[in-house]
Amino acid sequence: MTVRTRFAPSPTGMLHIGGVRTALFCWLYARRHGGIFILRVEDTDRERSTPEAVQVILDGMAWLGLDADEGPYYQTQRYGRYREVIDRWLAEGKAYHCYCTKDELEQLRNDQLARKEKPRYNGRCRHDAQPRQGITPVVRFANPQEGEVVVDDAVHGRVVFQNSELDDLIILRSDGNPTYNFCVTVDDWDMKITHVIRGDDHLNNTPRQINMLKTLGGELPTYAHLPMILGPDGAKLSKRHGAVSVLQYKEEGYLAEALLNYLARLGWSHGDQEIFTLDEMCKLFDITDVNKSAAAINPDKLSWLNQQHLMRADDARLAGELQWQLAQLEVDTSGGPDLEAVVAAQKERAKTLKDMAASSVFFFREPAWYEEKAAKKNLTPETKPHLERAHEALAGLGDWSAESIHALMQALAEQGGVGLGKIAQPIRVAVSGGSVSPPIDQTLAILGSEQVLKRLERAIAFIGS
RNA sequence: GCUCCCAUCGUCUAGAGGCCCAGGACACAGCCCUCUCAAGGCUGGUACGGGGGUUCGAAUCCCCCUGGGAGCGCCA
């Protein structure tokens, strides 16, 4: 039996990291078992579904590399099929028309709540549905009234629900649109989903879906309900607390594999390992290693992981990403230096590509000013001689490589009877405008002699004035 | 209110009865390395929610309590 999993988002809002984590686990599980991963867009809510939201889902999945083997399927394109099942159930008495009005239902609900009962449909139309003037009926599923439903959940274990707790849910709205629980059931059945991996919040829907699946005559898939992801403050993920579009992470300079690695470790673990390549995750992931409790997002750890992945990533690839980030800062990189060289020098000292871009601007554009504190400390009459000697020595340097620059710096320090820092730091401020940069030899090598000499002259003039 | 789920450092987690007076990671502090910033190395503090059982022995099993969450929609 081939494993078949599906990610079934509804295009009513952002695709945020909660959804992405679910998608990731579905995808990983399929990949791990040589199965099929399906993308299905649940757009039966005509009111709130938007094409823009669909596009965000597609773009997000593409960026993350969570490629679907089938789909995307759209529920709105499967209405004929839903209709067919409903008609059959109606004919077989497994579903029935209900003429109760929204007001009546509201009333019933309030009464039950007042009596401290669980609000549920009382089944009034189940046995004697009275067609009423001007009311287009909805269709309800006739849920079994006795017995129990057992969910054998891959992460939660055995969970039992009493049918007496369930009511006859609406499967077809009066406007002709089928509803969520019904569509999911039919789709999972038709698409031969073997493993339903989704958020914890669906555990309560599962017995209803199982009852309908049994009516369909279906074999039950394996269910795996993932724990929720919470905001950094431990509260539910909301717009104020981390529920931003996944594409925003791309813009902020996170690597897809770092985000995925981070998300995988929210609920899943493999011993003490923290850093995983995509390949490793595909090989090691198993639903049995997923835990049951909700997890809060920790932005610091995401940053750290991103840096770890940045350090391990290919320079050429990163160069492309860096170029995009620099373009956002309106920095033209076409005049050099070589982006890959910059990446090599910067990638272990940046949390994100955005940070990397910000601290790399000086490679492409002469700093417009010096950081006040850095200049005050390093561009002084005392350091001026060092800068002048450095300028002179560098101007005469034949081999402009990090190695020779390093040797030259060392010689300069020795001759001056000072530490390397006394020489390097003023130069750093002179060429970068600030007190932070990659090692001075690398920095100068990348910058090129022309720029270095020019900037040194400018700094010397700055002190002199 | 009813039903269901969950509960180890601040956070993510390891732990499937003795290997645990609880291990790793992020963050934090200190030290080392060092031309800055990082990276890396070392050290440190902080956790099994509470109470009952079961057992020779419980973070691990059972029960209760407490706390958190989800569902109860002609939303998904």
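Every heavy atom of this structure was used, including side-chain atoms; hydrogens, water molecules and symmetry mates were not. Each chain gets a letter, A, B and so on, in the order the sequences are listed, and its residues count up from 1.
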Taking the [atom1] atom of each, how far is [N] from [M], in whole Å?
| N | M | atom1 | answer |
| --- | --- | --- | --- |
| G24(B) | U46(B) | P | 14 Å |
| C32(B) | A22(B) | P | 29 Å |
| G50(B) | A7(B) | C1' | 12 Å |
| C4(B) | U60(B) | P | 23 Å |
| A58(B) | C21(B) | C1' | 14 Å |
| C26(B) | U34(B) | P | 23 Å |
| A47(B) | U11(B) | P | 12 Å |
| U8(B) | A25(B) | C1' | 15 Å |

When we call it a touch if two heavy atoms are under 4.0 Å apart, what does [X] touch: a base, just sugar-phosphate, or nothing?
| X | result |
| --- | --- |
| G267(A) | sugar-phosphate |
| Q273(A) | nothing |
| P207(A) | nothing |
| S174(A) | base |
| K116(A) | sugar-phosphate |
| N177(A) | nothing |
| M311(A) | sugar-phosphate |
| H225(A) | nothing |
| E42(A) | sugar-phosphate |
| E348(A) | base |
| V138(A) | base |
| I440(A) | base |

So does [X] reach the base of [N] with its side chain, donor to acceptor, closer than 3.5 Å?
| X | N | answer |
| --- | --- | --- |
| R120(A) | C72(B) | no |
| S437(A) | C37(B) | no |
| D200(A) | A70(B) | no |
| D272(A) | G23(B) | yes |
| D201(A) | A76(B) | no |

Which nucleotide in the list [options] gets nearest to the side chain of [X]?
| X | options | answer |
| --- | --- | --- |
| E165(A) | C26(B), C2(B), C4(B) | C2(B) |
| L113(A) | G24(B), C74(B), G1(B) | G1(B) |
| Q307(A) | C4(B), C6(B), A38(B) | A38(B) |
| K118(A) | C74(B), C37(B), C72(B) | C72(B) |
| D441(A) | C37(B), U13(B), C35(B) | C35(B) |
| W304(A) | C35(B), A27(B), C5(B) | A27(B) |
| S293(A) | C26(B), U8(B), A76(B) | U8(B) |
| H406(A) | U3(B), C37(B), C35(B) | C35(B) |

Practice task
Can you label the angle between the F285(A) ring and the W268(A) ring as parallel, tilted or perpendicular, going by 30° and 60°?
Solution key: tilted
Exercise for the section: Please state whether the rings of F141(A) and W89(A) are parallel, tilted or perpendicular, taking 30° and 60° as the class boundaries. Expected result: tilted
Using purine N1 to pyrimidine N3 plus N6-O4 or O6-N4 for Watson-Crick, or N1-O2 and O6-N3 for G-U wobble, both under 3.5 Å, which nucleotide pairs with [N]?
| N | answer |
| --- | --- |
| U46(B) | none |
| C20(B) | none |
| A76(B) | none |
| A59(B) | none |
| A38(B) | none |
| G67(B) | C6(B) |
| U11(B) | A25(B) |

Handout entry: Centroid separation Y180(A) to H202(A) less than 6.0 Å
Key = yes
Handout entry: Distance-only side-chain donor-acceptor flag, H309(A) / T277(A), under 3.5 Å
Key = no
Would you mind reading off the distance between [X] atom [atom1] and [N] atom [atom2], rounded to a whole angstrom?
| X | N | atom1 | atom2 | answer |
| --- | --- | --- | --- | --- |
| I229(A) | U11(B) | CD1 | P | 16 Å |
| N291(A) | A16(B) | CG | P | 15 Å |
| I405(A) | C35(B) | CD1 | P | 17 Å |
| K301(A) | C28(B) | NZ | P | 14 Å |
| Q410(A) | U34(B) | CD | P | 11 Å |
| H202(A) | C4(B) | NE2 | C1' | 15 Å |
| L230(A) | U11(B) | CG | C1' | 11 Å |
| E148(A) | U3(B) | CD | P | 15 Å |

Completion exercise
Judged by nearest nucleotide, the residue sitting upstream toward the 5' end of RNA chain B, Y262(A) or L105(A), is Y262(A)
Completion exercise
Taking for P11(A) and for R115(A) the nucleotide of RNA chain B with the nearest heavy atom, the one nearer the 5' end belongs to R115(A)
Below 4.0 angstrom, N of the basic side chain to O of the carboxylate: do [X] and [Y] qualify?
| X | Y | value |
| --- | --- | --- |
| E257(A) | R317(A) | yes |
| R198(A) | E42(A) | no |
| R115(A) | E117(A) | yes |
| R78(A) | D190(A) | yes |
| D153(A) | R158(A) | no |

Below 4.0 angstrom from OP1 or OP2 of [N], is there any side-chain N or O of [X]?
| X | N | answer |
| --- | --- | --- |
| K347(A) | A39(B) | no |
| T44(A) | A76(B) | yes |
| Q308(A) | G40(B) | yes |
| K292(A) | C6(B) | yes |

Handout entry: Backbone N/O of Q75(A) and side chain of D187(A): donor-acceptor pair under 3.5 Å
Key = no
